[in-house]
2 protein chains.
Amino acid sequence: MKKEIEIFERYLKTKNLSLTKERKLILDEVFSIDGHLEADEIFLRLKKDKKDVSRATVYRTLGLLVNSGLVRKVYLGEDHIHYEHTHGHTHHDHLVCIKCGKVIEFSDKKIEKLQASVCRERGFQELSHTVQIFGYCKDCKE
Amino acid sequence: MKKEIEIFERYLKTKNLSLTKERKLILDEVFSIDGHLEADEIFLRLKKDKKDVSRATVYRTLGLLVNSGLVRKVYLGEDHIHYEHTHGHTHHDHLVCIKCGKVIEFSDKKIEKLQASVCRERGFQELSHTVQIFGYCKDCKE
DNA sequence: GTTTAGATTGAGACTAAATCTCAAGTAGGA
DNA sequence: TCCTACTTGAGATTTAGTCTCAATCTAAAC
């Protein structure tokens, strides 16, 4: 498995961009978090560690990480975007509990296959997808 | 098929709320639009028709419409929420072209069934779900 | 018809997420 | 070294959405 940093640097190369100190800090921080994260969370964590990076750079770099394919955006029913790193994980989707907020990951090969065939039928070239199922988790349903 | 307005009024009744002039205007506007809409779009359309309703009321009423089950939120990859009315439509999900922005609806019973069984396995009580597949549509792929 | 409690609204202040601007700094190829 | 293009930070700006609160409306109870 290629290290994230190599992939990112290679991606940046293709865009004539370079792996700066700030971009590396953000990359490391993103990959140190398991699960779902918010842009501002990265900003605040770095700030706490005295590794100051501006908000603008955090947002800009997250955009690059998404474009590089290392990270993806996820919509979890809240009014802002979450991110999660995809490199080194098998693809998965989410069950979101609307009471306690828990997010349960799942993956299902058969669903993926059916989605692929929906795309094929319509001449649509899939790049990514997200599935969210909202409801009550085991502990929250009455 | 029950009229939306009856369903909405019945829903409001259960919450001890009433179908006011403003709520009716918003309901009508929402159901006059086919496809996906934004909160601000409703606000501006009503304004243009001199049927002024405040932004706050538009947002509040859209929330009620979502809770009543007549309308749902959809995430289409942009940084704000879209809405679509569900009453009178069979459930569907979306293929979103990231180049031209076109949104293609699809529905697939087999996918729905598999999702239901994913939930069952995990003791999760599904209320709703959304599937978005991002990529290039027939016309935009090279 | 009055009373009254609670629902409803609008205007604009406010919040939060995300983007933009621009001057100053940096990196790397020629 | 020079030069060009990339990169950054600070803070202004934009945009979506929420909140506040006084004024108004509604409808059930009297």
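Side chains included, hydrogens not; waters and symmetry mates left out as well; all remaining heavy atoms used. Below, chain A is the first sequence line, B the second, and so on; all start at residue 1.
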Between [atom2] on [N] and [atom1] on [X], what's the gap in Å once rounded to a whole number?
| X | N | atom1 | atom2 | value |
| --- | --- | --- | --- | --- |
| K73(B) | dA16(D) | NZ | P | 15 Å |
| E78(A) | dA16(C) | CD | C1' | 13 Å |
| D79(A) | dA17(C) | CG | P | 7 Å |
| F43(A) | dA16(C) | CZ | P | 14 Å |
| R55(A) | dA16(C) | CZ | P | 11 Å |
| L12(B) | dT26(D) | CG | P | 14 Å |
| I81(A) | dA16(D) | CD1 | P | 14 Å |
| N16(A) | dT7(D) | CG | P | 9 Å |

Quick check: on DNA chain D, is the nucleotide nearest T61(A) upstream (toward 5') of the one nearest E38(B), or the reverse? Name the residue that is more 5'.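 Closer to the 5' end of DNA chain D: T61(A).
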
K13(B) vs A39(B), nearer the 5' end of DNA chain D by closest nucleotide: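 That would be A39(B).
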
Quick one: do [X] and [Y] make a salt bridge, cutoff under 4.0 Å?
| X | Y | answer |
| --- | --- | --- |
| D108(B) | K110(B) | no |
| D49(A) | R45(A) | no |
| R55(A) | D40(A) | yes |

Is there a side-chain contact between [X] and the phosphate of [N], meaning an N or O under 4.0 Å from OP1 or OP2?
| X | N | value |
| --- | --- | --- |
| T57(A) | dG9(D) | yes |
| T20(A) | dT8(D) | yes |
| R23(A) | dT7(D) | yes |
| Y59(B) | dG17(D) | yes |
| S18(B) | dT8(C) | yes |

So which nucleotide from dA10(D), dA16(D), dA17(C) ends up closest to the side chain of A56(A)?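 Shortest atom-to-atom distance from the side chain points to dA10(D).
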
Compare the minimum distances between each of dT9(C), dT8(D), dG12(C) and the side chain of E22(B), then state the nucleotide with the smallest one.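 Given the options dT9(C), dT8(D), dG12(C), the side chain of E22(B) is closest to dT9(C).
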
Give a yes-or-no answer on whether the side chains of E4(A) and H85(A) include a donor-acceptor pair shorter than 3.5 Å.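 Result is no, nothing qualifies.
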
Looking only at side chains, do Q132(A) and H94(A) share a donor and an acceptor under 3.5 Å apart?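 There is no such pair (donor and acceptor under 3.5 Å, judged by atom type) between the side chains of Q132(A) and H94(A).
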
Report which part of the nucleic acid D52(B) touches: base, sugar-phosphate, or nothing (heavy-atom distance under 4.0 Å, all strands).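 The answer is sugar-phosphate, as D52(B) gets under 4.0 Å only of primed atoms, P, OP1 or OP2.
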
Please figure out whether K15(B) or S54(B) has its closest DNA chain C nucleotide nearer the 5' end.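 Here K15(B) is the residue nearer the 5' end.
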
Ignoring hydrogens and angles, does a donor from either the side chain of R60(A) or the base of dG9(D) sit under 3.5 Å from an acceptor on the other?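 Answer yes: a donor N or O sits under 3.5 Å from an acceptor.
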
